[in-house]
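Notes to accompany the following structure.
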Amino acid sequence: MRRIVIREHEGIWMFEGENADSVRADSPLRAAMAALEYGETLRGKALGYIIRLDHRRAGSPQDWITLHSRVF
């Protein structure tokens, strides 16, 4: 199961894709949509994926918001 974590850095929302490439967006919604598209490309490479949002009030990974998950 691949974990895709969306984080904000200086007003840009991003997550790490394959080969440590950063995918960037100007809003958390656009980042989530890009993460969903990326997650679907993992079919055959991973057992599934989970998209989580690391927000400002999150003190630890337990506080992240789960946006979507899929098992292939």
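Taken from CD1 in Ile50 to CH2 in Trp64, the straight-line distance is 10.5 Å, to the nearest 0.5 Å.
Scanning for side-chain contact (heavy atoms from CB on, under 4.5 Å) contacts around Asp63 gives Ala58, Ser60, with sequence neighbours left out. Take Arg57 and apply the side-chain hydrogen bond (donor to acceptor under 3.5 Å, both in side chains) test, not counting sequence neighbours, and it matches no residue. With sequence neighbours excluded, the residues satisfying salt bridge (charged side-chain N to carboxylate O under 4.0 Å, His left out) with Arg43 are Glu40. Applying the ring-ring contact (aromatic ring centres under 6.0 Å, His included) rule to His68 yields the partners Tyr49; only residues at least two apart in sequence or on another chain are considered.
The side-chain heavy atoms of Ile6 and Leu67, taken from C-beta on, include a pair separated by under 4.5 Å. Looking at Arg52 and Asp54, their side chains never come closer than 4.5 Å, going by heavy atoms from C-beta outward. Here the side chains of Phe72 and Leu47 are not in contact, with every heavy-atom distance at 4.5 Å or above.
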Do any side-chain atoms of residues 13-25 form donor-acceptor pairs under 3.5 angstrom with protein atoms, and if so which ones, sequence neighbours left out?
residue: Glu16; atom: OE2; partner: Ser22; partner atom: OG; Å: 3.1
residue: Glu18; atom: OE1; partner: Lys45; partner atom: NZ; Å: 3.3

Donor-acceptor pairs are to be reported for all side-chain atoms of residues 27-37 against protein atoms at under 3.5 Å, with residues two or more places apart or in another chain.
residue: Ser27; atom: OG; partner: Arg30; partner atom: N; Å: 3.1
residue: Arg30; atom: NE; partner: Asp26; partner atom: OD1; Å: 3.3

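Hydrophobic clustering places Ile65 together with Ile51 (ILVMFWY residues linked when any side-chain heavy atoms are closer than 4.5 Å, directly or through intermediates).
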